[in-house]
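Atom set for the values below is all heavy atoms of this structure, side chains included, hydrogens, waters and symmetry mates excluded.
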Amino acid sequence: MINGEQYPKEKVRICLTGSGAKPLAERLNVPFVQEVFVNSIALKHDYDQVGTAIELGGQDAKIIFFGRGSQSGNLNVSNMRMNGSCAGGTGAFIDEVASILKVPVGKFNCKTDYWRSGTGTGNSKTGRV
């Protein structure tokens with residue numbers, strides 16, 4: 001547990017996110033933040049070159065597209081999609097993501113390895129490298 005004695009100079013803010021968190025946040029009187037939005041903040045903070053993020057969870061699937069602001073050059077979210085709250089739709093969502101990215105589903109893992117290696121220099125919205 002984090003306490004003031006361990007981290008006396010740190011400011012801590014609490015909010016809840018994720019499936020089922022909204023009623024709990026209301027009950028505890030703390031902010032609720034939609035999880036796709038929270039993910040986008042963390043990704044922008046940790047990965048300044050992120051183009052596309054796909055998250056497949058136990059209850060839903062999400063894709064977030066990022067782009068640079070034309071005037072500011074800042075990394076921004078340009079689009080988000082979520083399949084809803086049913087894992088049964090995840091396969092169809094993966095097919096939709098593959099279609100958007102123009103990458104066959106069977107090539108997803110290769111693309112991930114390519115980008116993790118640090119040699120990826122392609123267009124993340126089209127999947128072309």
Side-chain angles (χ1 to χ4, degrees):
M1 179 174 219
I2 297 173
N3 63 46
E5 293 173 13
Q6 288 177 301
Y7 305 97
K9 295 182 180 181
E10 297 296 321
K11 292 182 180 180
V12 177
R13 287 190 273 168
I14 295 173
C15 73
L16 296 181
T17 188
S19 178
K22 189 170 185 175
L24 182 59
E26 290 170 356
R27 189 173 177 124
L28 296 174
N29 198 29
V30 297
F32 170 82
V33 183
Q34 207 283 337
E35 65 184 292
V36 179
F37 181 71
V38 172
N39 288 342
S40 73
I41 292 170
L43 288 163
K44 288 191 316 183
H45 181 269
D46 291 346
Y47 303 97
D48 64 347
Q49 297 297 315
V50 65
T52 305
I54 303 169
E55 183 212 332
L56 302 176
Q59 294 196 10
D60 54 36
K62 305 162 200 64
I63 183 167
I64 306 170
F65 296 101
F66 297 86
R68 297 267 171 207
S70 59
Q71 293 186 4
S72 69
N74 293 337
L75 188 61
N76 299 310
V77 173
S78 59
N79 198 352
M80 297 182 187
R81 296 186 186 198
M82 189 168 168
N83 77 326
S85 59
C86 174
T90 300
F93 186 78
I94 293 170
D95 289 339
E96 179 183 350
V97 169
S99 174
I100 291 167
L101 297 176
K102 296 180 179 40
V103 175
V105 173
K107 298 284 185 180
F108 274 8
N109 200 41
C110 295
K111 297 292 183 185
T112 301
D113 292 342
Y114 181 75
W115 286 99
R116 282 186 184 153
S117 72
T119 60
T121 57
N123 181 334
S124 61
K125 286 202 175 184
T126 64
R128 293 187 192 107
V129 292

*Could you check if a side-chain atom of Pro23 sits within less than 4.5 angstrom of a side-chain atom of Phe32, using non-hydrogen atoms only?*
no

*Do Phe65 and Val77 come close enough that some side-chain heavy atom pair is under 4.5 Å?*
no

*Nearest heavy-atom pair of Gly67 and Ser78: which atoms, and what distance?*
N-OG, 4.3 Å

*Rounded distance (nearest 0.5 Å) linking atom SG of Cys15 with atom CG of Leu28*: 12.0 Å

*Roughly how far, to the nearest 0.5 Å, is the OG1 atom of Thr17 from the CD atom of Gln34?*
6.5 Å

*Hphob cluster co-occupancy, Ile41 + Ile63, side-chain heavy atoms under 4.5 angstrom*: no

*Taking atom CZ of Arg68 and atom CG of Asn74, what is their separation to the nearest 0.5 Å?*
7.5 Å

*What's the spacing between Ile100 CD1 and Ile54 CD1 if we round to 0.5 Å?*
9.0 Å

*asked:* Hydrophobic clustering (ILVMFWY, side-chain heavy atoms < 4.5 Å, transitive) - are Val30 and Leu24 grouped together?
replied: yes

_Testing the basics here: between Val50 and Leu43, what is the closest heavy-atom pair and its distance to 0.1 Å?_
CG1-O, 4.3 Å

*NZ on Lys44 to CG on Asn76, rounded to 0.5 Å*: 5.5 Å

*Find the distance between CD (Glu55) and CD (Glu35) and round it off to the nearest 0.5 Å.*
6.0 Å

*Please answer: with hydrophobic residues joined when any side-chain heavy atoms are less than 4.5 Å apart, are Ile64 and Val33 in the same cluster?*
no

